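Input: a single structure, listed below in structure tokens.
One is the number of the first residue; the rest follow in order along the sequence. All values derive from a computational prediction rather than experimental measurement.
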Amino acid sequence: MKQHYPDVFTCALLNAQPMGFYSPATIVEDAKRQGIEMCPVCVRASHWYCTLEKGACPHFSVRMGLRFVKGLARADGERIVAAREERPFASLDDFVGRVKLDEGKLARLGEAGAFESFGVDRREALWGVRGLVRTPRPDLPVAVEERAPLFAALDEFETIAWDYDATSHSPRGHPLEALRATLVALRLPDARSLNALPDGRRVRYAGVVICRQRPGTASGVVFLTLEDETGFVNIVIWSQIYEEHSVLIKTAAFLGVTGRLQVQDGVTHLIAESFWTPHLTARPRHGGSRDFH
């Protein structure tokens with residue numbers, strides 16, 4: 001299914017969450033690397049669950065469902081869809097007046113970028129919904145002329161950070177994508193470049209932690225998976241190295257590692273020698289990791 005219908009597989013896997021080994025953020029990033037268009041949550045298009053939409057590429061696009069907006073209940077999502085099926089939403093004002101969600105839930109939708117199809121960015125949406133909720137709505141239509149304040153546009157890093165804060169994933173980009181120039185300046189390769197290096201090469205790498213494993217049959221060896229916008233790096237940690245850096249390994253969401261590559265039968269592992277905290281001016285968001293207990 002994943003090989004021949006990756007769009008259907010991705011949509012179904014996201015709709016089955018929470019389950020499986022990887023977080024929704026990792027599933028979304030893997031789908032993007034396969035060329036699948038991932039569409040963000042949108043009050044004009046999203047249903048409660050993820051859906052397939054006809055796209056320009058050979059595969060369907062996957063539209064993220066309203067269920068991924070933190071703080072939004074299923075009843076709220078169904079209310080949005082029911083109101084939209086009566087007639088399409090014409091504006092942010094129309095949406096707020098017809099769906100009648102409380103200010104907190106409207107704010108979460110705004111933070112997630114779910115109102116961008118109305119031509120308002122996120123800061124404008126937050127300002128707008130608060131004003132609409134707190135202003136009495138007269139029975140007779142009254143035109144109110146009010147000049148909206150000018151808000152600074154979100155940059156790429158802020159856009160992705162807002163996505164993660166509101167939905168724990170981002171169809172618009174990976175948390176490290178906006179920081180790649182800084183990582184390059186620090187001579188830290190991306191996952192694709194690292195996995196192309198030869199056996200025995202000593203390297204430094206930094207990525208987002210998506211998986212920690214400590215199998216009972218592995219004699220104390222810990223396996224770590226780090227991710228960036230280009231793919232995964234598999235880390236092998238011998239017990240002595242793990243004990244030396246256990247606190248950092250168990251708690252850091254964004255982690256730096258130094259070690260030597262082991263390449264066998266086309267499979268690359270990084271045998272860890274030490275771990276460290278990457279020194280960046282901004283900290284990337286993350287969608288959580290699957291950890292041993």
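- When each of Leu261, Asn234, Leu197 is paired with Thr268, the side-chain contact (heavy atoms from CB on, under 4.5 Å) condition holds for Leu261 and for no other.
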**OP:** For Asp30 and Lys2, run salt bridge (charged side-chain N to carboxylate O under 4.0 Å, His left out): C-alpha distance rounded to whole Å, both residues' side-chain angles, the deciding distance at 0.1 Å, then the answer.
**Re:** CA-CA 11 Å; Asp30 185 56; Lys2 182 178 181 181; 3.3 Å; yes
Subject >> Step-by-step side chain to side chain contact (heavy atoms under 4.5 Å, CB included) determination, Leu101 to Val129 >> reply: CA-CA 10 Å; Leu101 297 175; Val129 296; over 6 Å; no
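- Counted by atom type alone, Asp228 and Thr230 present one or more donor-acceptor pairs between their side chains at under 3.5 Å.
- Taking Asp190 as the reference, nothing meets the salt bridge (Lys or Arg N to Asp or Glu O under 4.0 Å) condition, with sequence neighbours excluded.
- Between the Asn195 side chain and the Ala191 main chain, a donor and an acceptor come within less than 3.5 Å of each other.
- Here Lys70 does not pair with Asp165 in a salt bridge; the nearest charged N to carboxylate O distance is not below 4.0 Å.
- Phe232 is not listed as a side-chain neighbour of Leu226, based on a closest heavy-atom distance of 4.5 Å or more.
- Taking the six-membered ring for Trp, His169 and Phe68 have ring centres closer than 6.0 Å.
- Of the possible donor and acceptor atoms, one in the side chain of His174 sits under 3.5 Å from a partner among the backbone N and O of Leu176.
- Considering Ile27, Ile36, Leu13, Val8 in turn, Ile36 is the only one that fulfils the side-chain contact (heavy atoms from CB on, under 4.5 Å) rule with Val62.
- For the pair Val28 and Leu14, the minimum side-chain heavy-atom distance is below 4.5 Å.
- Side-chain atoms of Asp163 never come within 3.5 Å of backbone atoms of Ser170 as a donor-acceptor pair (strictly under, hydrogens ignored).
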**OP:** Please assess Thr26 against Thr225 for the test side chain to side chain contact (heavy atoms under 4.5 Å, CB included), listing each intermediate value before the final yes or no.
**Re:** CA-CA 11 Å; Thr26 297; Thr225 303; over 6 Å; no
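- Among residues two or more places apart in sequence or in another chain, the side chain to side chain donor-acceptor pair (under 3.5 Å) test is passed with Arg84 by none.
- In terms of modelled atom types and a separation under 3.5 Å, the side chain of Arg44 and the main chain of Glu116 share no donor-acceptor contact.
- Panel note: side chain Arg63, backbone Val41; no donor-acceptor pair is recorded below 3.5 Å.
- Remark: Arg33 engages Glu227 in a salt bridge, criterion side-chain N to carboxylate O under 4.0 Å.
- Arg98 places a side-chain N or O within donor-acceptor distance of the main-chain N or O of Arg87, the cut-off being under 3.5 Å.
- Not counting sequence neighbours, the partners of Thr258 by the side chain to side chain donor-acceptor pair (under 3.5 Å) test are Trp276.
- Using a distance-only test at 3.5 Å, with no hydrogens or angles considered, no donor-acceptor pair links the side chain of Arg212 to the main chain of Phe223.
- At least one donor-acceptor pair under 3.5 Å links the side chain of Glu158 to the backbone N or O of Asp155.
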**OP:** Walk me through it: do Lys32 and Glu37 pass the test salt bridge (charged side-chain N to carboxylate O under 4.0 Å, His left out)?
**Re:** CA-CA 6 Å; Lys32 288 190 289 186; Glu37 181 184 12; over 6 Å; no
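- The shortest side-chain heavy-atom distance between Thr277 and Phe254 does not fall under the 4.5 Å cut-off.
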**OP:** For side chain to side chain contact (heavy atoms under 4.5 Å, CB included), just list the numbers for Phe275 and Leu255, CA-CA rounded to whole Å, side-chain angles, deciding distance to a tenth of an Å, and then say yes or no.
**Re:** CA-CA 7 Å; Phe275 290 88; Leu255 191 59; 3.6 Å; yes
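- Annotation: side chain of Arg74 is in contact with side chain of Tyr49 (closest heavy-atom distance under 4.5 Å).
- Residues Ile249 and Tyr242 are in side-chain contact: their nearest non-hydrogen atoms beyond the backbone lie under 4.5 Å apart.
- Heavy atoms only, all atoms of each residue included: Asp94 and Phe89 are closest at OD2-CA, 3.4 Å.
- A salt bridge is absent between Glu111 and Arg122; no separation between the charged side-chain nitrogens and carboxylate oxygens falls under 4.0 Å.
- In this structure, Ser193 contributes its side chain and Pro189 its backbone to no donor-acceptor pair below 3.5 Å.
- A heavy-atom distance below 4.5 Å is not found between the side chains of Cys39 and Met64.
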Subject >> Steps toward side chain to side chain contact (heavy atoms under 4.5 Å, CB included) verdict (Val43, Phe118) >> reply: CA-CA 9 Å; Val43 296; Phe118 294 132; 3.7 Å; yes
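- Here Arg192 does not pair with Glu229 in a salt bridge; the nearest charged N to carboxylate O distance is not below 4.0 Å.
- No side-chain donor-acceptor contact under 3.5 Å links Arg260 to the backbone of Ile271.
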